[in-house]
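Both ligands and their constituent atoms are indexed starting at 1 by order of listing. Keep in mind it's a predicted model, so treat the numbers as computed, not measured. Each residue takes its place number in the sequence, starting with 1.
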Amino acid sequence: MEVGFLGLGIMGKAMATNLLRHGFKVTVWNRTLSKCEELVQFGASIGQSPATVVKKCKYTIAMLSDPSAALSVVFDKDGVLDHINGKGYIDMSTVDADTSSKISEAIKAKGGDFLEAPVSGSKKPAEDGQLVVLAAGDKALYDEALPAFDILGKKSFFLGEVGNGAKMKLVVNMVMGSMMNAFSEGLTLAERSGLNPATLLDVLDLGAISNGMFKLKGPTMLQNSYSPAFPLKHQQKDMRLALALGDENAVSMPIAAAANEAFKKARSMGLGDLDFSAVHETYKAPDHSS
Ligand SMILES: NC(=O)C1=CN([C@@H]2O[C@H](COP(=O)(O)OP(=O)(O)OC[C@H]3O[C@@H](n4cnc5c(N)ncnc54)[C@H](OP(=O)(O)O)[C@@H]3O)[C@@H](O)[C@H]2O)C=CC1
Ligand SMILES: O=CC(=O)O
């Protein structure tokens, strides 16, 4: 089956590669076109624009950085809308429900089908086909895409109408971003109060709050090593969008708001392209010590 793939960043490259390895024919496009060449060795074809990819493929998947990128690829010149009539479009980027709805309405108006399908799981789960897919929108397109989702992920959820996938993903990442800040504070507090933070990792791992994120990120955070799996600028985007969802629903979110401030501070320190665990550095900054 020929599928399209738009966006070959950290996630998109791993996901498109997985599809190719499992026998899908994939035509890829990336804004920086040179990144497409890395996938040719795995059998990918290259499309010169989103429009040419959509024209060639039964359905096209996108994995783009943020709402503005997701909108641009659909609505700009040579974009997805040009050839969407009779085709499917699956946006797996993390965006807000409004962005997803705008894309959905435009695609439907042109005779296409739309599914949002953001994922939980980072670079390694993407490489290992262990993502969690949070889909919503056109159910027939979901059913058609399930063989691809089964390669990309370990579990897929169909959550109903467009917007529900985006909201679920934002809630999950709001919790994750808040936890990362509590964890960073804890590591810093352990160190400053004379404890061995490596021992704290062992203690945490043996108790009720043991989790994959602390286990994976803790050791590298203690080495001040933040090679990007999930870029901090994207985590801050997710906090911002989750807080907006909280505003819309009058949900007080003081913990998420504080976490967002820390991610913003990290961005202002030039850490946006590092892993989101680099927020740890903000807790070591001078105004966190007395
Ligand atoms: N990394 C992770 O752990 C996870 C990320 N996500 C989400 O997945 C999405 C992608 O993340 P990730 O792969 O890490 O991000 P990257 O920053 O590595 O990749 C972003 C991609 O978006 C493209 N892009 C950015 N702006 C535009 C634009 N204006 N027009 C067209 N293309 C654009 C980039 O193209 P170019 O190469 O030209 O810059 C690149 O292909 C994000 O929404 C993120 O929140 C979800 C789960 C996990
Ligand atoms: O969006 C990031 C993730 O790890 O999930």
Side-chain angles (χ1 to χ4, degrees), residues 4-18 28-39 44 46-51 53 60-80 90-96 99-100 103 116-135 152-155 157 165-166 168-180 211-217 226-242 263 267 272-279:
F5 207 105
L6 312 178
L8 302 175
I10 292 172
M11 295 296 284
K13 180 183 169 191
M15 293 160 74
T17 303
N18 259 346
V28 297
W29 173 86
N30 192 66
R31 178 181 61 175
T32 309
L33 264 178
S34 56
K35 287 194 194 166
C36 296
E37 272 140 35
E38 291 177 54
L39 270 77
I46 300 177
Q48 293 302 311
S49 68
V53 173
T60 296
I61 295 171
M63 193 53 166
L64 302 159
S65 51
D66 54 20
S68 105
L71 291 167
S72 156
V73 162
V74 171
F75 289 96
D76 286 0
K77 188 172 174 293
D78 298 325
V80 167
I90 303 173
D91 194 347
M92 302 188 79
S93 323
T94 304
V95 298
D96 56 306
T99 298
S100 220
I103 292 172
E116 62 180 4
V119 295
S120 192
S122 194
K123 183 180 178 189
K124 181 85 168 52
E127 288 168 351
D128 296 345
Q130 292 293 305
L131 298 168
V132 178
V133 179
L134 306 170
L152 299 174
K154 60 183 174 188
K155 170 91 181 161
F157 291 85
M168 182 67 83
K169 173 62 184 165
L170 292 178
V171 173
V172 170
N173 274 30
M174 183 271 281
V175 174
M176 184 172 81
S178 300
M179 279 174 64
M180 177 53 84
N211 69 79
M213 184 178 82
F214 290 0
K215 236 177 150 102
L216 181 70
K217 303 287 182 185
Y226 308 109
S227 169
F230 180 35
L232 187 144
K233 63 186 175 192
H234 295 333
Q235 171 69 84
Q236 197 267 314
K237 171 255 306 176
D238 295 349
M239 296 308 286
R240 171 172 62 80
L241 297 176
F263 286 120
R267 283 184 58 194
D273 289 327
L274 298 182
D275 190 69
F276 78 119
S277 53
V279 75

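Looking at ligand 1, you'll find an N or O of R31 within less than 3.5 Å of one of its N or O atoms. Polar contact with ligand 1: absent for G7 (N/O pair, distance under 3.5 Å). Between T94 and ligand 2, no N or O atom pair is found at a separation short of 3.5 Å. Looking at T32 next to ligand 1, an N or O pair under 3.5 Å apart turns up. Taking distance alone, with nitrogen or oxygen atoms compared against 3.5 Å, N30 approaches ligand 1 more closely than that limit. Polar contact with ligand 2: present for G121 (N/O pair, distance under 3.5 Å). Polar contact check, A69 against ligand 1: no nitrogen or oxygen pair lies under 3.5 Å apart. Taking only nitrogen or oxygen atoms, main chain and side chain alike, K35 reaches within less than 3.5 Å of ligand 1. Close N/O approach between M63 and ligand 1 is not found [any backbone or side-chain N/O within under 3.5 Å]. Of the N or O atoms in M11, one or more lie within a sub-3.5 Å distance of an N or O in ligand 1. Ligand 1 has an N or O atom lying under 3.5 Å from an N or O atom of A229, backbone or side chain.
Atoms of ligand 2 lying under 4.0 Å from at least one heavy atom of S122, given by number and element, are 4 (O). Short contacts between ligand 2 and K169, defined as distances under 4.0 Å to a heavy atom of the residue, involve ligand atoms 1 (O), 2 (C), 3 (C), 5 (O). Near V119, meaning under 4.0 Å from any of its heavy atoms, are these atoms of ligand 1: 46 (C), 47 (C). In summary, the atoms of ligand 1 found under 4.0 Å from a heavy atom of L8, numbered by their order in the structure, are 41 (O). Listed by atom number, the atoms of ligand 2 under 4.0 Å from F230 heavy atoms are 1 (O), 2 (C). Interface of P231 with ligand 1, defined as ligand atoms under 4.0 Å from a residue heavy atom, comprises 1 (N), 14 (O).
Ligand 2 is approached by N173 to a heavy-atom distance shorter than 4.0 Å. Judged by the shortest distance from any of its heavy atoms, M176 lies inside the 4.0 Å radius around the atoms of ligand 2. Using a 4.0 Å cutoff on heavy atoms, G121 counts as a contact of ligand 1. Ligand 1 has no atom lying under 4.0 Å from any heavy atom of Q235.
Scanning the protein heavy atoms around atom 9 (C) of ligand 1, the nearest turns out to be L64 O, 3.2 Å. For atom 7 (C) of ligand 1, the closest non-hydrogen atom of the protein is T94 OG1, 3.5 Å. Regarding atom 19 (O) of ligand 1, its nearest protein heavy-atom neighbour is G9 CA, 3.3 Å. With respect to atom 18 (O) of ligand 1, the closest heavy atom belonging to the protein is I10 N, 2.9 Å. Given atom 44 (C) of ligand 1, the protein heavy atom at minimum distance is K237 NZ, 3.8 Å. Here the heavy atom of the protein found nearest to atom 31 (C) of ligand 1 is V73 CG2, 3.6 Å. Looking from atom 22 (O) of ligand 1 to the surrounding protein, the closest heavy atom is S65 N, 3.2 Å. Among protein heavy atoms, atom 15 (O) of ligand 1 sits closest to H234 NE2, 3.1 Å.
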Notebook entry, point to check: Is there a side chain to side chain contact (heavy atoms under 4.5 Å, CB included) between K124 and L216 once you walk through the steps?
Noted result: CA-CA 11 Å; K124 181 85 168 52; L216 181 70; 5.9 Å; no
Checklist line | Derivation of the side chain to side chain contact (heavy atoms under 4.5 Å, CB included) call for I61 and I90 | finding: CA-CA 5 Å; I61 295 171; I90 303 173; 4.2 Å; yes
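Taking both residues in full, the closest heavy atoms of T99 and P67 are given as OG1-CB, 3.5 Å, listed atom of the first, atom of the second, then distance. Considering every non-hydrogen atom in both H234 and S65, the closest pair reads CE1-CB, 3.4 Å. Nearest heavy atom pair, residue K13 against residue T17, reads O-OG1, 2.6 Å. Closest heavy-atom contact between D275 and S227: CB-O, 3.5 Å. Nearest heavy-atom pair across V28 and A16 is CG1-CB, 4.4 Å.
In M168, the CE atom is not crowded: 12 or fewer heavy atoms of neighbouring residues, nucleotides or ligands sit closer than 6.0 Å.
Between R240 and K237, the closest side-chain pair of non-hydrogen atoms falls below 4.5 Å. In this structure, the side chains of V73 and W29 come closer than 4.5 Å at one or more pairs of heavy atoms. The closest side-chain heavy-atom distance from K154 to D128 is not below 4.5 Å. Between D273 and K233 the shortest side-chain heavy-atom distance falls below 4.5 Å. The shortest distance between side-chain heavy atoms of M92 and L131 does not fall below 4.5 Å. Side chains of F75 and I103 form a contact here, defined as non-hydrogen atoms less than 4.5 Å apart. Annotation: side chain of D238 is not in contact with side chain of F276 (no heavy-atom distance under 4.5 Å). Looking only at side-chain heavy atoms (C-beta outward), M180 and K217 come within less than 4.5 Å of each other.
Heavy atoms of H234 found under 4.0 angstrom from ligand 2: none, in either backbone or side chain.
Considering L134, L241, V132 as possible partners of K169, the one that fulfils the side-chain contact (heavy atoms from CB on, under 4.5 Å) test is L134.
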